[in-house]
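First the structure, in the form of structure tokens, and then the observations on it.
Proteins come first, then strands; the chains are lettered A, B, ... in the order of their sequence lines, and each starts at number 1.
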There are 2 protein chains.
Amino acid sequence: MKHNITVYDIAKEAEVSVSTVSRVLNGTAPVKESTREKIMALINKYQFQPNALARSLTKKETKMIGVILPDITNPFFPEVFWGVENEANSKGYTFFLCNTSGQPELESQSLTILREKQVDGIIFMGGRINLSNCSQELAKEVEDIAKKIPIVLVNGNLPDSSLHRVIINEGKGAEMLTQHLIDLGHKEIAFFGGYDYVSTTTQKVKAFKKTMKANGLKVSNDWVLYGDFSMDAGKKLMADILKREKRPTAIFCVNDVTAVGAVKVAVEAGLKIPEDMAIVGFDDTILASTVIPELTTVSQKSLELGKNAVNVLHKLINNEKVKKVTVIEPELIIRDSTLPKSR
Amino acid sequence: MKHNITVYDIAKEAEVSVSTVSRVLNGTAPVKESTREKIMALINKYQFQPNALARSLTKKETKMIGVILPDITNPFFPEVFWGVENEANSKGYTFFLCNTSGQPELESQSLTILREKQVDGIIFMGGRINLSNCSQELAKEVEDIAKKIPIVLVNGNLPDSSLHRVIINEGKGAEMLTQHLIDLGHKEIAFFGGYDYVSTTTQKVKAFKKTMKANGLKVSNDWVLYGDFSMDAGKKLMADILKREKRPTAIFCVNDVTAVGAVKVAVEAGLKIPEDMAIVGFDDTILASTVIPELTTVSQKSLELGKNAVNVLHKLINNEKVKKVTVIEPELIIRDSTLPKSR
DNA sequence: GTGAAAGCGCTAACAA
DNA sequence: TTGTTAGCGCTTTCAC
């Protein structure tokens, strides 16, 4: 492997000092036109590219952002990432992606790596920040790192935390969905999916129950059925419900994937959706519009979420003032799974 | 901002030299047990973490891999990435993700950035490496960089290239799908979607035609309908076909998303699938199993693809011998969109 | 076992 | 305008 070309090599051949080369590279000070040209010619000739490691080492900034998320194969996260990237590219940032499967150890590990790599900031999604009761220890770890590196939490929170957050108003979304079903005349509504110790689930359930009560309707605990966040959960829970004597007329699923599972089993059992049973999802991922019938759901505004996260982070990095919490309003998306097309 | 803690700080407080600290950090040489303990205590006390930039600068290795892909919101790519990550994490690598939308300029830019950041290797997917006639210039750019940084192309190629590649046998997949349809008795088959200048499309079309011919069947050019790779393409093309007097009895779609679009329009028009029309996709993404009816498709073995890419890259990085091309065999996945459940 | 010192490639005072 | 030089934080000979 031959010696990589450096500013010294360029400087030497151009018969100038390294600082002059650095100046034309960064435009930090005026350089005589003739020497600038000479240097540029050499840079092109050798396809010289400055070593970002060395640069970052002295400048104490890397222009790298770390993104921690639980599952890149869940369509929701790529969409947020896409929003992040769009917004941050123009600001010159690049990304480290860390997939954690939501496991605390992997999150800790990612945090460590990102710190070692000296990223300028971290965007944290999923895992511990969605636990309805996250341990002090896990929370403190994040808090400690945040003292050294700006962190923004996306769609989550930490106990007693003072960290900056960008969140969607999930309760509001759940309320809209529930009200929509009630307005259509549904009185018997069940809830499907999600772990009961994860805030994404509990917030929805809470808003769901509250909205039902506000409309003078009861929610039987028999009809709040937890599971995980997969398609299988939806399938199993629907199969379970179909065996019962008394069935709900509508199902509120924790997310789109679970809703798809529910739809599939219901359709196979010969039910018509929404006539025999209305089903709603949450997230408005691509799945919601590929199923038949298309799902009524709530958009999490994934792009917005990503964009805002970057903006907050960017301000944090530059020591600008930002409000602690940025709340994004969800949007109700009404489709065929609650309203038959023919209407 | 207070001064970040360094090896010097640790060394000073432990009353040893920095080299000793470095030794315990890396285990590169024996250190007396008592001094090691003293140092470790300090490291824990201050939560010291070595600066990876400085380390990489001297070691000339970053343990970072750059991943270039066209569209992270297309479910296929997160799956490959997942495979990449699983395999590479254990080897200690971390990832830079670059989304290019398939635009050559963004690819060039990503390549530049990755070089500046001194990544140890690059995994390249999508964009120019899928063009059926990529310009010399674009190809050369990649080739030039490959002289300095190991690169592996995933599911693509470059003209006259000698780069290492990991690919799925797409032609074989298309052949299996076509043969499957023929075996079911279909004689009138159309092809939907994809740009005609992208190899992912042309390879399939080629294999499709060849298999048809081998079975003594004709393919009318009227029935090879290009588009893009979206759901909309499938919708439009199906709408187009349904207007015609003579209709095919089966449709081969360039990928799952397009197939979903086709299914939706067909179902809305009152057709039964597969009885009135069989439809197949390609990729076996999550979409294939969420649609009703579930899609017969070909698995691209995205995980395998990712894993193998990393393995090849890793060997390249370590100057080990690897064969130029790794071919992964696709798998035919038969589901309801060609075979009715009742059978 | 341990320390001194050079060097990785770049930027940024400070001087000239 | 331009050059000199001192770091940035770490690893790694080479001595001892």
**Asked** Is any side-chain nitrogen or oxygen of A/Thr58 closer than 4.0 Å to OP1 or OP2 of C/dT11?
**Response** no

**Asked** Looking for any heavy atom pair under 4.0 Å, which part of the strands does B/Ser56 touch: base, sugar-phosphate only, or nothing?
**Response** nothing

**Asked** Rounding to a whole Å, what distance do you find between B/Glu116:CD and C/dG9:P?
**Response** 15 Å

**Asked** Do the charged groups of A/Glu143 and A/Lys147 touch, with an N to O distance under 4.0 Å?
**Response** no

**Message:** Is there, by distance only and without an angle test, a donor paired with an acceptor across the side chain of B/Ser19 and the base of C/dA4 below 3.5 Å?
**Reply:** yes

**Asked** Are A/Phe95 and B/Phe96 close enough that their ring centres sit under 6.0 Å apart?
**Response** no

**Item:** Proximal nucleotide (of C/dT11, C/dG1, C/dT2) relative to the B/Arg23 side chain
**Value:** C/dT2

**Prompt:** Quick one: do the A/Tyr93 and A/Glu87 side chains pair a donor with an acceptor below 3.5 Å?
**Reply:** no

**Prompt:** Do A/Arg128 and A/Ser108 have side-chain atoms, one donor and one acceptor, less than 3.5 Å apart?
**Reply:** yes

**Complete:** Counted 5' to 3', the first and last nucleotides of DNA chain D within 4.0 Å (strictly under) of a heavy-atom of chain A are D/dT1 to D/dG9

**Request:** Could you check B/Asn308, B/Val152, B/Asn311 and say which one makes a side chain to side chain contact (heavy atoms under 4.5 Å, CB included) with B/Thr326?
**Result:** B/Asn308

**Complete:** note: A/Lys60, atom NZ; C/dA13, atom P; distance rounded to Å ~ 13 Å

**Message:** Under 4.0 Å, heavy atoms only, any strand: does A/Val16 hit a base, just the sugar-phosphate, or nothing?
**Reply:** sugar-phosphate

**Asked** Taking it one step at a time, do A/Ile149 and A/Leu114 satisfy side chain to side chain contact (heavy atoms under 4.5 Å, CB included)?
**Response** CA-CA 10 Å; A/Ile149 306 175; A/Leu114 293 177; 5.8 Å; no

**Request:** Using heavy atoms to find the nearest nucleotide of DNA chain C for B/Ala29 and B/Leu57 separately, return the residue whose nucleotide is more 5′.
**Result:** B/Ala29

**Asked** So which nucleotide from C/dT11, C/dG3, C/dG1 ends up closest to the side chain of B/Ser17?
**Response** C/dG3

**Message:** Please classify the nucleic acid contact of B/Ser22 as base, sugar-phosphate, or nothing, using heavy-atom distances under 4.0 Å.
**Reply:** base

